[in-house]
Amino acid sequence: MLLRPTLHRGLPNANGNAPSQQSRAGVLNCELGMSKPFDIELERLTGQASYSEAFPGVDAGQRGTFFLETFGCQMNDHDSEKVASLLLSRGYRQAETPEAASLILYNTCSIREKAAQKVFSRLGEYRERQTEGKVIGVLGCVAQQEGEDIFKRAPWVSLVCGSASYSKLPEMLAQLEAGNQRVTGLDTDTDETFETEVTRRDNPWRAYLTIIEGCDKACSYCVVPFTRGPERSRASDSILREVRQLAELGYSEVQLLGQTVNSYADPTARKTRFSELLLAVADVEGIRRVRFTTSHPSDFTPDIVEAIGRELKICDHVHLPVQSGSTRVLRAMQRTYSREEYLEKIAMIRSAKRPIAITTDIIVGFPGERESEFEETLSLLDEVQYDSMFSFKYSPRPNTPSLSMSDSISEEEKGRRLAILQDKQREIQAAKNAKLVGERFEVLVSGKSRRENQWTGYTTAHRMINFASQESELLGTYVQVRVTGATPNSLVGEHVT
Ligand code: SAM
Ligand code: SF4
């Protein structure tokens, strides 16, 4: 069963982090795979629904109240939606502030050092709250990475649970409710996926759905295989059942999630391929847009391109992280493809029946990255002409193979390379977006500016567009917008009928 949230103005999003940040260059340098508007204020998309209908017999608040704060990627956001749903189904009520909660949960990200550092400073802030009788829990990647050491560094924490153990959360909650002061869920040796009977979603229009958890790749810089455990795919019939329920609730856009979403391997006898799953989701009555992220280049096969070419409901956008333009660096990163093989995938996508926007992730300053190798990354940008890019300075992470390589490039040099990379990408985006002026796009309206008659939304290719309309209520609707101007990161337009 699923719940559709209502729009609620002013409620601090549990994900109040809005981790996307505009860099100096105006190119996204962020921790999320989703861009956010930078020149208009969005309505908060956080929802508070009436839960009584979904949880008959559950007395809201009988077990207490919880506050859940989330950092990191869309997968963390969606994990938090499911954790919140589990708590609601047990009779907890969601509080808007930590002060108003008896249980404070912090869903963490450790992909880069900065993100992980934030956790302990935030836990320091939570320290005093424990003396007020509150229970404090750490969930997600930092929980998995630091394990029971969290109890040593922050003895006021009572729950430490990695994402691979979320399916055991009901038992852990029962232990906490029984007064247990030290509860852990740190097992990553699992073949289970985290499914909830009821999912309360924060975004009223785009529903996230994790179809594959964990990761079996072994990129030498990445903590994900350690923090999220091995790859586990969700059964195709269970995914389609949930999509049908979402459509019945009025959702028209779904985004399938996975660290390597296209490595999906249906565990049922049906053995549905990823491309077949995309088509089946698109076929559900009421669904107008199907997105998916993140795709791994090695598993990106021609049938996925054919499916996008054939079915207009599958969005014309592929996020295909390259990480580096140098084959030597890619080998050191254990990325399983060369520059040439990656470019063959790009050529395959470009040969689709319709144009497909391509975005990427890049790491600069990987141990031993020579200036000439960094320049290969710059030339790759010229060659591919990405529609958008997320870029990061290499950050050494615990347990990863690259930790033992000498992190030879200074922070200053990493910063210099990042700035050059972003300047180049900004120029590419400015030129690409300028060419779109005069074109018309269908936009799903997802935000309203405080400025009168100004709205924001996304095209199928995930281009953000800020536009003017005299209409008074457009949120959640699909409208036609003509592009009248462009910046490197977004388009400007006007509503046309
Ligand atoms: N699974 C996705 C893939 O294969 O590309 C990426 C998931 S990761 C959450 C998102 C991005 O973070 C990566 O694509 C990479 O660019 C970046 N990243 C991961 N580990 C990093 C590290 N140690 N330092 C800097 N950036 C990192
Ligand atoms: Fe990390 Fe590589 Fe897996 Fe992506 S594919 S989550 S970068 S190990």
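Positions are given from 1, in the same order as the sequence printed here. Here the structure is a predicted model, which is why all the values come from computation and not from measurement. In listed order, ligands and their atoms are each counted from 1.
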Near Thr260 (heavy-atom distance under 4.0 Å), the atoms of ligand 2 are 5 (S)
Numbered atoms and elements of ligand 2 in range of His296, under 4.0 angstrom, heavy atoms =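 What qualifies from ligand 2 is 5 (S).
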Derivation and outcome, side-chain hydrogen bond (donor to acceptor under 3.5 Å, both in side chains), residues Thr460 and His317 | CA-CA 7 Å; Thr460 54; His317 171 213; over 6 Å; no
Tally of protein N/O/S atoms under 2.8 Å from atom 1 (Fe) of ligand 2?
-> 1
Taking the side chain as every heavy atom from C-beta outward, state whether [X] and [Y] have any pair of such atoms under 4.5 Å apart.
{"X": "Leu444", "Y": "Trp205", "value": "yes"}
{"X": "His78", "Y": "Thr199", "value": "yes"}
{"X": "Ile304", "Y": "Asn262", "value": "yes"}
{"X": "His296", "Y": "Gln259", "value": "no"}

What residue and atom, counting heavy atoms only, is the protein's closest point to atom 4 (Fe) of ligand 2, and at what distance?
->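 Answer, as residue, atom name and distance: Arg335 NH1, 4.2 Å.
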If you take all heavy atoms of [X] and [Y], which pair is closest and at what distance?
{"X": "Ala357", "Y": "Arg463", "result": "CB-NH2, 4.2 Å"}
{"X": "Pro367", "Y": "Ser402", "result": "CG-O, 4.3 Å"}
{"X": "Thr327", "Y": "Glu340", "result": "OG1-OE1, 3.4 Å"}
{"X": "Val364", "Y": "Lys414", "result": "CG2-O, 3.7 Å"}

Taking NZ, NE, NH1 and NH2 as the nitrogens, is one of them in Arg416 or Glu411 under 4.0 Å from a carboxylate oxygen of the other?
-> no
So, are Arg417 and Glu371 salt-bridged, with charged N and O less than 4.0 Å apart?
-> yes
Dump all N/O pairs between ligand 1 and the protein below 3.5 Å as a table: atom names plus distance, one pair per row.
unit_1   : atom_1 : unit_2 : atom_2 : d
ligand 1 : 1 (N)  : Gln259 : O      : 2.7
ligand 1 : 1 (N)  : Gln259 : OE1    : 3.4
ligand 1 : 4 (O)  : Arg335 : NH1    : 3.1
ligand 1 : 5 (O)  : Gln323 : NE2    : 3.3
ligand 1 : 12 (O) : Arg112 : NH1    : 3.1
ligand 1 : 14 (O) : Gln323 : NE2    : 2.7
ligand 1 : 14 (O) : Asp361 : OD2    : 2.6
ligand 1 : 16 (O) : Gln323 : OE1    : 2.7
ligand 1 : 18 (N) : Arg112 : NH1    : 3.4
ligand 1 : 23 (N) : Tyr221 : O      : 3.0
ligand 1 : 23 (N) : Ser395 : O      : 2.8
ligand 1 : 24 (N) : Ser395 : N      : 3.0
ligand 1 : 26 (N) : Arg112 : NH1    : 3.3

Verify ring pair (Phe, Tyr, Trp, His ring centres under 6.0 Å) between His319 and Phe390, making sure each step is shown before the conclusion.
-> CA-CA 10 Å; His319 185 61; Phe390 299 136; 5.6 Å; yes
Hey, is Thr294 touching ligand 2 through its side chain, its backbone, both or neither, going by heavy atoms under 4.0 Å?
-> neither
Of the backbone atoms (N, CA, C, O) and the side-chain heavy atoms from C-beta on, which set of Gln323 has a member under 4.0 Å from an atom of ligand 2: side chain, backbone, both, or neither?
-> neither
